[in-house]
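Down below is the structure, laid out as structure tokens.
The sequence lines fix the lettering, A, B, ..., with proteins before strands; numbering per chain opens at 1.
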Amino acid sequence: MPELPEVETVVRGLRPRLVGRRLARVETRRRDLRIPFSPRLAERLTGRRVEAIDRRAKYILMRLDGSETVLAHLGMAGRMTLRQRPNDPPGPHDHVVMTTDDGWELRFNDVRRFGLMILVSSAELERHALLADLGPEPLSKAFDAAVFEAAIAGRRTPIKAALLDQKTVAGIGNIYASEALFRAGVSPKRLALRCRGERADKIVAGIKSVLNDAIAAGGSTLRDYVQADGELGYFQQRWAVYDREGQKCPGCRCKGAIRRIVQSNRATYYCPDRQK
DNA sequence: CTACCATCCTGGTTGC
DNA sequence: TGCAACCAGGATGGTA
């Protein structure tokens, strides 16, 4: 479930094993992802040193020596796994396999092939089409109520849809959009332009708190951010409303049940009693 | 500018 | 048990 917190947890899992290491061997397997690999990706990665690993929205940025950066996205179903000297062969959905000079193996796995892994000039990274139009990082100081209000001003779209729009704020996906609005007490159907003042404050606070909690949960449930099976950053969390249609609204005395509606072809969950 | 829909893929779940 | 329909964490592009 790669939204921002999951990607952040993956990045934190990759860092201690990869930063400072050289990629001794890189193999691309299936190349027909929705967005194809950069030409000769494997050859261009081989022998490079990993300088840093960062995240922007739901993108993973693996900065290499030689002024190039691996830009990766997990799509709907992408995974990263990290194991030491594995003896099992890559599976059918392992599209990239990287082996470090000290024997760790990273596999980029994506059943649905909606993810991507390309190589971009580090100098042009911010201007790259995939990153250029992204809104602010929700956990940064730069993202506050004033910035948020400006971003949604005049927009006659439901606030849930506005939160999914990566230009409004970057990294929120379908689960955390519902969860943030629940925390804020704002109906997902409310028009964005009607979310000013206190509501904007609460939505911003709801976004930050739910993302921080999810990151903390990811970190706390994983040892060194790598599970025994090599899986990075996927943790179980009980959502307050997501996927809980018909259940009681948690932690409050409202008599209503959580409702599921469809907005922009995506499921939205909310408590009609608590969210106005 | 907006809503709405289809599309890219595969696999797990649900319902008949 | 078999099989088809439906659903899924993302993002884009077309149409009205």
Side-chain angles (χ1 to χ4, degrees), chain A residues 1-11 29-37 55-60 71-81 90-96 108-118 128-135 138 150-182 188-195 207 210-211 213-215 217-218 221 231-246 260-269:
Chain A
M1 38 178 83
E3 298 186 30
L4 184 151
E6 290 73 29
V7 178
E8 177 63 28
T9 308
V10 167
V11 162
R29 298 164 59 78
R30 286 192 70 147
R31 48 183 52 256
D32 55 339
L33 306 207
R34 177 136 158 75
I35 296 177
F37 295 135
R55 177 190 59 74
R56 172 73 172 112
K58 299 168 198 167
Y59 289 91
I60 297 166
L71 182 58
H73 195 290
L74 300 175
M76 295 268 265
R79 293 158 184 276
M80 297 285 185
T81 59
H93 307 301
D94 291 328
H95 305 310
V96 182
F108 169 46
N109 174 292
D110 182 7
V111 207
R112 294 175 69 179
R113 288 186 274 135
F114 288 1
L116 68 92
M117 184 174 283
I118 60 175
H128 191 279
L130 291 171
L131 302 184
D133 296 330
L134 291 173
I152 61 175
R155 294 187 57 186
R156 344 192 109 263
T157 192
I159 187 64
K160 158 74 166 9
L163 293 185
L164 287 180
D165 182 346
Q166 302 296 298
K167 297 196 237 345
T168 310
V169 51
I172 298 176
N174 203 43
I175 292 176
Y176 295 106
S178 283
E179 295 293 324
L181 289 171
F182 172 75
K189 295 192 280 192
R190 174 171 286 273
L191 291 186
L193 80 173
R194 297 284 175 239
C195 296
I207 290 169
V210 75
L211 296 180
D213 287 354
I215 291 170
T221 54
E231 190 73 23
L232 290 176
Y234 290 77
F235 54 89
Q236 299 302 313
Q237 163 155 347
R238 287 188 68 75
W239 316 114
V241 291
Y242 185 82
D243 203 21
R244 296 173 74 90
E245 182 182 21
R260 177 189 192 273
I261 59 174
V262 174
Q263 295 176 291
S264 317
N265 260 345
R266 317 271 326 257
T268 300
Y269 298 86

Rounded to the nearest Å, what distance is computed from the [atom1] atom of residue [X] to the [atom2] atom of nucleotide [N]?
X: A/I118; N: C/dA11; atom1: CD1; atom2: C1'; answer: 14 Å
X: A/N265; N: B/dA6; atom1: CG; atom2: P; answer: 7 Å
X: A/L134; N: C/dT12; atom1: CG; atom2: P; answer: 9 Å
X: A/E245; N: B/dT14; atom1: CD; atom2: P; answer: 13 Å
X: A/I35; N: C/dG10; atom1: CD1; atom2: P; answer: 15 Å
X: A/K167; N: B/dC1; atom1: NZ; atom2: C1'; answer: 12 Å
X: A/H95; N: B/dT10; atom1: NE2; atom2: C1'; answer: 10 Å
X: A/R266; N: C/dG10; atom1: CZ; atom2: C1'; answer: 6 Å

* Side chain of A/K58, backbone of A/I172: donor and acceptor closer than 3.5 Å? -> yes
* Give a yes or no on whether the backbone of A/C195 and the side-chain of A/R190 come within a donor-acceptor separation of less than 3.5 Å. => no
What nucleotide among [options] has an atom nearest to a side-chain atom of [X]?
X: A/R260; options: C/dC7, C/dG10, B/dC9; answer: C/dC7
X: A/R155; options: C/dG10, B/dT2, C/dA8; answer: B/dT2
X: A/E3; options: C/dG10, B/dT10, C/dA11; answer: C/dG10
X: A/R34; options: C/dA8, B/dC8, B/dC9; answer: B/dC8
X: A/H73; options: B/dT10, B/dT2, C/dA11; answer: C/dA11
X: A/T157; options: C/dA11, B/dT2, C/dA8; answer: B/dT2

Would you say [X] reaches [N]'s phosphate, i.e. side-chain N/O to OP1/OP2 under 4.0 Å?
X: A/H93; N: B/dG11; value: yes
X: A/Q166; N: C/dG10; value: no
X: A/R113; N: B/dT10; value: yes

How would you label the contact of [X] with the nucleic acid (heavy atoms, under 4.0 Å): base, sugar-phosphate, or nothing?
X: A/A161; result: nothing
X: A/Y242; result: sugar-phosphate
X: A/P92; result: nothing

* Would you check if A/F114 stacks with the base of C/dA11, given a 5.5 Å centroid limit and a 30° plane limit, both strict? => no
* Given the C1' atoms of B/dC9 and C/dG2, what is the spacing between them in whole Å? -> 24 Å
* Asked: B/dC5 and C/dC6: how far apart are their P atoms, nearest whole angstrom?
  -> 15 Å
* Structure fact -> Every stem of 3 or more Watson-Crick or G-U pairs under 3.5 Å that DNA chain B joins, in order of first number, is B:2-8 with C:10-16, B:10-16 with C:2-8
* Is there side-chain contact between A/L33 and A/L116, with heavy atoms separated by less than 4.5 Å? -> no
* Identified side chain to side chain donor-acceptor pair (under 3.5 Å) partner of A/N174 from the options A/E179, A/E3, A/K160 -> A/K160
* Asked: If you find the nucleotide of DNA chain B closest to A/S264 and the one closest to A/R30, which residue's nucleotide is nearer the 5' end?
  -> A/S264
* **Pairing of A/R29 and A/D94 as salt bridge, 4.0 angstrom limit** => no
